[in-house]
Amino acid sequence: MASYGYDLGNRLTSLSITANGLILAQWQAQYDALNQLSQVASIDPIAPVKPTNDTAITYDDSNEILTIDGTAAIYDDNGAYIGSSTTTP
C-alpha cells in the first residue's frame, strides 16, 4: 500500500510503501523558495538494509539543475539534461 503526503502547495512531500504493516520504503522531499525540488531523502528499512540516502539539488538562474550532490549537471546543445560529471562548474 502506498501513502502520499502533500504540503499546502499540493506538492508531494512524502511517500511510504507498506505491506502487512511493515514499512518497505519511505521518501521525503523538500522544496526551495522557488518551489523547486531541493532535497530527497530515502529510507529502505528492509533487508538488505540500506543507509538513508539524502540527495541535494541546486539550480541555476534559468531554473535548470546545476548540481546533484555537488556533481555538475551536463546538458546537450538543445538544453536537455544528459547526465552529470565528476567535477563541479
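Basis for what follows: all heavy atoms, side chains included, without hydrogens, waters or symmetry-related copies.
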Legend entry - Partners meeting salt bridge (charged side-chain N to carboxylate O under 4.0 Å, His left out) with Asp7 (sequence neighbours left out):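 Applying salt bridge (charged side-chain N to carboxylate O under 4.0 Å, His left out) to Asp7 gives Arg11.
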Inset, instruction - Examine the side chains of Thr67 and Thr58 and answer whether a donor and an acceptor come within less than 3.5 Å of each other. - result: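 Distance-only check passes for Thr67 and Thr58.
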What's the separation between atom [atom1] in [X] and atom [atom2] in [Y], rounded to the nearest 0.5 Å?
| X | Y | atom1 | atom2 | value |
| --- | --- | --- | --- | --- |
| Ile82 | Asp77 | CD1 | CG | 8.5 Å |
| Ser14 | Gln30 | OG | CD | 11.5 Å |
| Leu15 | Tyr4 | CG | OH | 5.5 Å |

Inset, instruction - Could you tell me whether the side chain of Leu12 reaches within less than 4.5 Å of the side chain of Trp27, counting heavy atoms only? - result: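 Side-chain contact under 4.5 Å: no.
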Legend entry - For the student: nearest non-hydrogen atoms of Tyr81 and Ala73, plus distance: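 Tyr81 and Ala73 have their closest heavy atoms at CE1-CB, 3.6 Å.
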Legend entry - Nearest heavy-atom neighbours spanning Leu37 and Ala29: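 Taking every non-hydrogen atom into account, CD1-CB, 3.6 Å.
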Inset, instruction - Among residues two or more places apart or on two chains, list those pairs meeting salt bridge (Lys or Arg N to Asp or Glu O under 4.0 Å) that have a residue in residues 24-35. - result: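 Every candidate salt bridge (Lys or Arg N to Asp or Glu O under 4.0 Å) pair involving residues 24-35 fails, so no pair, neighbours aside, qualifies.
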Legend entry - Donor-acceptor contact below 3.5 Å, side chain Asp69 vs main chain Ala56: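 Yes; at least one donor-acceptor contact below 3.5 Å.
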Inset, instruction - Might you confirm whether atom OH of Tyr6 has over 12 heavy atoms from other residues, nucleotides or ligands at distances under 6.0 Å? - result: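 Atom OH in Tyr6 is crowded, with more than 12 foreign heavy atoms closer than 6.0 Å.
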Inset, instruction - Start with the C-alpha gap between Ile65 and Tyr59, add the side-chain angles, then the distance that decides, and say whether side-chain contact (heavy atoms from CB on, under 4.5 Å) holds. - result: CA-CA 4 Å; Ile65 295 174; Tyr59 297 84; 3.8 Å; yes
